[in-house]
Peer 1: 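Encoded as C-alpha cells, here's the structure I'll be asking about.
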Amino acid sequence: MIQERRMTFEVADVQEALNEASHQWKIPVEELHAEILSTEREGFLGLFGSKKIKVEITAEAEPDLITKGMEFVDEVLRLMDINAHCVLSETERNMINVEGEEAADYFVGRYGDALKGMEYIVNLALRDPKNEPRIKIDSCGYRERRTKSLERLAEATARQAVKYGRAVRLDPMASWERWVIHTTLKNRGDVTTESVGETPNRKVVIIPKFEPDEVRVPGPATLRVRAQRERTERLNPRSLPPQRFPRRRERRNRRKDENSEQQ
C-alpha cells in the first residue's frame, strides 16, 4: 500500500506552500496538489494587515497507481455493460478520462454524482480509505463546466453573505470543488472562507467581514416583522399599546391641585 504524503501550511499564497512541500519532499511542484482550507486576514480585528491562507499539500498519484485505477474503472464499466473506456488525461497527470458513446448518458450523472462515486470507490479500493482521493476521474469535459459553475456560485454566495451580514454554508463538495470556491474568493477583502466537517460531508462556509462602524442591512426576518407592525398600525390602531401624552397628564394634575386648594 502506497502511503500518501500530506502537509499543511499557513502562508501568504498557494505557490509558497507548494515550493516548501517540494523542497521538503524532493518532489517537483507539478506533482503536488494544493487545497485551500481557510483564509484569514491578520491585524486589527482582521481588517488590516496581510492575508494568510491555510493550505493542505498532497503528493500526486504515482504512475503505477494510475494504471491500476484505469484497470479498475475499465473492469467496472465492463461489468455494468457501459460502452466506454479509460484514457489518461493530457492536462493532469493523476486524471483519468472516461470516453465512449455512453459515457455522458450513464457515467456523469446528475451534478457529477456518478463521477464522484466512482472516484471515491477507486481510491477506496486502491488506497487507505482514511485518506483523501488522489486519483481524479473526468468525463465529457464535466470538470471544466463544473469549475465555471462553482466560480459563479462562489461570487453570488459571497454577495449574499455580505448583504445579509451572516455566514452561508454551501452543500458538501469534493476536495477539488472546495478548492475552486476558496481560490475564487481568496482575493476578496469582504469575506473569508473556511472548510468544515468531515469527508464526505465536508463543506465550505463563506463568512462576511465588516468595518466596526458599518451598518448592516436588515435581513428578511427583520423586514417581515417591520412590515407586519406597519400593517397593523394602519388597519387596526386600537390593537396597539395606548400612547401616552406627558403634557396633557401634567395639565390635568395641575388642575386637580388648583381645585383642591380652592376647596
Side-chain angles (χ1 to χ4, degrees), residues 6-21 29 32-58 92 111-112 116 132-133 136 142-230:
R6 180 187 302 271
M7 193 177 298
T8 303
F9 301 89
E10 290 188 2
V11 291
D13 55 58
V14 175
Q15 191 60 45
E16 181 181 346
L18 288 170
N19 293 338
E20 182 63 26
V29 171
L32 301 177
H33 171 72
E35 178 185 356
I36 301 176
L37 301 180
S38 62
T39 61
E40 182 176 355
R41 188 178 295 277
E42 295 184 336
F44 178 71
L45 297 178
L47 301 173
F48 307 100
S50 60
K51 195 169 189 176
K52 286 289 186 179
I53 59 176
K54 191 174 183 180
V55 184
E56 184 179 73
I57 305 296
T58 55
E92 292 193 48
Y111 304 123
K116 296 175 185 177
E132 285 281 338
K136 304 175 184 177
Y142 168 77
R143 280 181 177 258
E144 182 178 357
R145 297 193 303 273
R146 176 63 170 162
T147 297
K148 294 179 180 179
S149 175
L150 289 171
E151 290 172 348
R152 294 192 295 269
L153 174 65
E155 293 291 351
T157 307
R159 291 193 295 269
Q160 179 185 0
V162 172
K163 179 179 179 179
Y164 294 112
R166 59 172 179 265
V168 179
R169 292 194 176 202
L170 300 178
D171 293 333
M173 298 179 181
S175 59
W176 72 270
E177 293 174 316
R178 299 194 302 271
W179 181 83
V180 173
I181 299 294
H182 289 303
T183 303
T184 303
L185 300 179
K186 70 176 183 179
N187 292 325
R188 290 188 59 137
D190 53 356
V191 297
T192 60
T193 59
E194 181 180 348
S195 291
V196 298
E198 300 294 333
T199 305
N201 296 318
R202 194 164 175 79
K203 62 187 67 175
V204 177
V205 181
I206 300 176
I207 307 168
K209 298 171 66 176
F210 289 93
E211 299 288 344
D213 56 348
E214 186 174 353
V215 178
R216 300 189 179 186
V217 177
T222 303
L223 295 176
R224 285 196 299 270
V225 172
R226 291 181 181 176
Q228 182 179 3
R229 179 171 181 83
E230 291 175 357

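Throughout, numbering of the chain's residues begins at 1 and tracks the sequence. What you see below is based on every heavy atom in this structure, not just the backbone, and it leaves out hydrogens, waters and symmetry mates.
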Peer 1: Rounded to the nearest 0.5 Å, what separation is found between the OG1 atom of T183 and the CH2 atom of W176?
Peer 2: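 It is 12.0 Å, given to the nearest 0.5 Å.
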Peer 1: List the atom of I206, the atom of A154, and the distance in Å for their closest heavy-atom pair.
Peer 2: CD1-O, 4.2 Å
Peer 1: Any chance you could lay out the side chain to side chain contact (heavy atoms under 4.5 Å, CB included) test for M7 and E20, step after step, and finish with the verdict?
Peer 2: CA-CA 10 Å; M7 193 177 298; E20 182 63 26; 5.7 Å; no
Peer 1: To the nearest 0.5 Å, how far apart are OG1 in T192 and NZ in K186?
Peer 2: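 These two atoms lie 15.5 Å from each other.
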Peer 1: With a 3.5 Å distance limit and no angle check, can you tell me whether R178 reaches the backbone of M173 through a side-chain donor-acceptor pair?
Peer 2: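 The answer is yes, because a donor-acceptor pair under 3.5 Å joins these two groups.
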Peer 1: For W179 and H33, take the angle between the two ring planes, folded into 0 to 90°, and tell me which bin it lands in: parallel under 30, tilted 30 to 60, perpendicular over 60.
Peer 2: tilted
Peer 1: Out of L185, T157, T184, L170, which one pairs with T193 under the side chain to side chain contact (heavy atoms under 4.5 Å, CB included) rule?
Peer 2: L185
Peer 1: Drop me the distance from L150's CG to E155's CD, to the nearest 0.5 angstrom.
Peer 2: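 If I round to the nearest 0.5 Å, the distance is 12.0 Å.
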Peer 1: Between atom NZ of K52 and atom OG of S38, what is the distance when rounded to the nearest 0.5 Å?
Peer 2: 12.5 Å
Peer 1: Could you report the tightest heavy-atom contact between V180 and E151, atom names first, then the distance?
Peer 2: CG1-CG, 3.9 Å
Peer 1: How close do S195 and I36 get, counting heavy atoms only, and between which atoms?
Peer 2: OG-O, 4.3 Å
Peer 1: How many angstroms lie between CD1 in I207 and CG in D190, if you round to the nearest 0.5 Å?
Peer 2: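 The CG atom of D190 is 12.5 Å from CD1 of I207, to the nearest 0.5 Å.
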Peer 1: For residues P208 and G165, report the shortest heavy-atom separation together with the two atoms involved.
Peer 2: CG-C, 3.9 Å
Peer 1: Under 6.0 Å from the NZ atom of K116, do we count more than 12 heavy atoms belonging to anything else shown?
Peer 2: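 Counting neighbours around NZ of K116, more than 12 heavy atoms of other residues, nucleotides or ligands fall under 6.0 Å, so yes.
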Peer 1: Would you indicate whether the side-chain heavy atoms of L32 and T58 approach each other to under 4.5 Å?
Peer 2: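 No, side chains not in contact.
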Peer 1: Counting only heavy atoms not in E144, do more than 12 fall under 6.0 Å of its CD?
Peer 2: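 Open.
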Peer 1: Under a 4.5 Å cut-off applied to non-hydrogen side-chain atoms, are V55 and H182 in contact?
Peer 2: no
Peer 1: Could you check whether atom CZ of R169 has more than 12 heavy atoms from other residues, nucleotides or ligands sitting under 6.0 Å from it?
Peer 2: no
Peer 1: Compare all side-chain heavy atoms of K203 with those of V196 and state whether any distance is below 4.5 angstrom.
Peer 2: yes
